[in-house]
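Read through the structure below, which is laid out as structure tokens, and then see the notes.
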Amino acid sequence: MDQSDVEGSVDSLIQSRAGGRVERCHGIPHQGSYNNAAHSWGVAMLMHYLWPEDFPRLALVCLAHDVPEAWVGDVPAPTVRYVPGLKDSLARMEDRLLTRYGLPTESGLSEEDYTKLKACDRLEFYLWCREQEALGNQFASEGRREVERFFQEVPLPRRAREMFDLLLARPHELPRQAGVIKELCNVA
């Protein structure tokens, strides 16, 4: 790798990291931080558990899909949905930014891979809403209900549908750190 390649990689790295610091859901009062880095990690973990065979190929897409929000912001979904032409304009800008920094674009995905990415993206937001609700934050309830309505109307890939249905059936389940440690240590 010559000096100009290294310089270009450093610039791309610095700019890409900026996307992880964008605060998500700024229009929803919430407890704690919820930035793109945490969200993208959650999307990648969902991809790993739902489609482990596709994970090596789609991991970077999961981790980088919101990097452009450092420049365009985290535009609330209802705004994107109801402002004519905004979705396409944002998609073009985001593709240009991702290409500029050597990252995969959503437009470069097959329809099947794009559907998987979006299922993981929405499932991650759904899980965040449920965690917020468990903390007593009823502001997140509208987001959770919106995702539930969306998943009832839009066909999901089979594995994502199965996971979502299980999550619906277990609405109060949260991480069990102490229980897992106890099991690992075989403590009675």
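Considering every non-hydrogen atom in both D121 and V43, the closest pair reads CA-CG2, 3.8 Å. Taking both residues in full, the closest heavy atoms of W51 and A119 are given as CH2-CB, 4.4 Å, listed atom of the first, atom of the second, then distance. Here the shortest heavy-atom pairing between H30 and Q132 reads CB-OE1, 3.2 Å. Shortest non-hydrogen contact noted between A44 and L63 is CB-CD2, 3.9 Å. The two atoms that bring P29 and N137 nearest to each other are O-ND2, 2.8 Å, heavy atoms only. Nearest heavy atoms, I28 versus F125: CD1-CZ, 4.4 Å.
D95 and S107 share a donor-acceptor pair across their side chains, judged by distance under 3.5 Å alone. Looking at E124 and H39, their side chains do bring a donor and an acceptor atom within 3.5 Å of each other. For the 3.5 Å distance criterion, the side chains of S141 and Q138 qualify, holding a donor opposite an acceptor.
No side-chain donor-acceptor contact under 3.5 Å links E133 to the backbone of A140. With hydrogens and angles disregarded, no donor-acceptor distance shorter than 3.5 Å links the side chain of R122 to the backbone of L117.
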Step-by-step salt bridge (Lys or Arg N to Asp or Glu O under 4.0 Å) determination, E162 to R158: CA-CA 6 Å; E162 290 170 357; R158 181 185 55 78; 3.0 Å; yes
Evaluation steps, side chain to side chain contact (heavy atoms under 4.5 Å, CB included), between L168 and E148: CA-CA 9 Å; L168 278 175; E148 288 172 354; 3.5 Å; yes
From CA spacing to verdict: side chain to side chain contact (heavy atoms under 4.5 Å, CB included), N35, R21: CA-CA 6 Å; N35 62 32; R21 291 188 287 271; 5.9 Å; no
From CA spacing to verdict: side chain to side chain contact (heavy atoms under 4.5 Å, CB included), L156, T115: CA-CA 8 Å; L156 285 171; T115 300; over 6 Å; no
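With respect to the salt-bridge test (charged N to carboxylate O, under 4.0 angstrom), the residues E173 and R130 do not qualify. With respect to D165 and R161, a salt bridge is recorded, a charged nitrogen being found less than 4.0 Å from a carboxylate O.
Of the inter-residue distances, the one linking D66 atom CG with E94 atom CD reads 7.0 Å to the nearest 0.5 angstrom. Rounded to the nearest 0.5 Å, atoms NE2 (H48) and SG (C120) are 11.5 Å apart. With rounding to the nearest 0.5 angstrom, the CZ atom of F55 is 6.5 Å from the CE atom of M45. Here the CD atom belonging to E131 is positioned 13.5 Å from the CZ atom belonging to R144, to the nearest 0.5 angstrom. In this structure, the separation between CG on L97 and CG on L103 is 10.0 Å, given to the nearest 0.5 Å. Rounding to the nearest 0.5 Å gives a distance of 8.0 Å between CE of M163 and CG of L127.
Under a hydrophobic clustering in which Ile, Leu, Val, Met, Phe, Trp and Tyr are joined whenever their side-chain heavy atoms come within less than 4.5 Å, directly or via other members, L135 and L167 fall into different clusters. Residues L46 and V154 fall within the same hydrophobic cluster, defined by Ile, Leu, Val, Met, Phe, Trp and Tyr side chains chained together at heavy-atom separations under 4.5 Å. Linking ILVMFWY side-chain heavy atoms closer than 4.5 Å, directly or via other members, places Y114 and L123 in a single hydrophobic cluster. Side-chain heavy atoms closer than 4.5 Å link hydrophobic residues (I, L, V, M, F, W, Y) into clusters, and following such links, even through other members, never connects W41 to L50. Note on V22 and L90: separate hydrophobic clusters, where clusters join Ile, Leu, Val, Met, Phe, Trp and Tyr whose side-chain heavy atoms are under 4.5 Å apart, directly or indirectly.
Classified by interplanar angle (parallel below 30°, tilted 30° to 60°, perpendicular above 60°), the ring pair W128/Y34 is parallel.
Taking F164 as the reference, Y126, F151 meet the ring pair (Phe, Tyr, Trp, His ring centres under 6.0 Å) condition, with sequence neighbours excluded.
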Residues 67-87 side chain polar contacts: donor-acceptor under 3.5 Å, at least two apart:
from : atom 1 : to   : atom 2 : distance (Å)
E69  : OE1    : N36  : ND2    : 3.0
D74  : OD2    : C25  : N      : 3.1
R81  : NH1    : E146 : OE2    : 3.4

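Residue pairs meeting the salt bridge (Lys or Arg N to Asp or Glu O under 4.0 Å) criterion with at least one member in residues 47-56, sequence neighbours excluded, are E53-R159, D54-R57, D54-K116.
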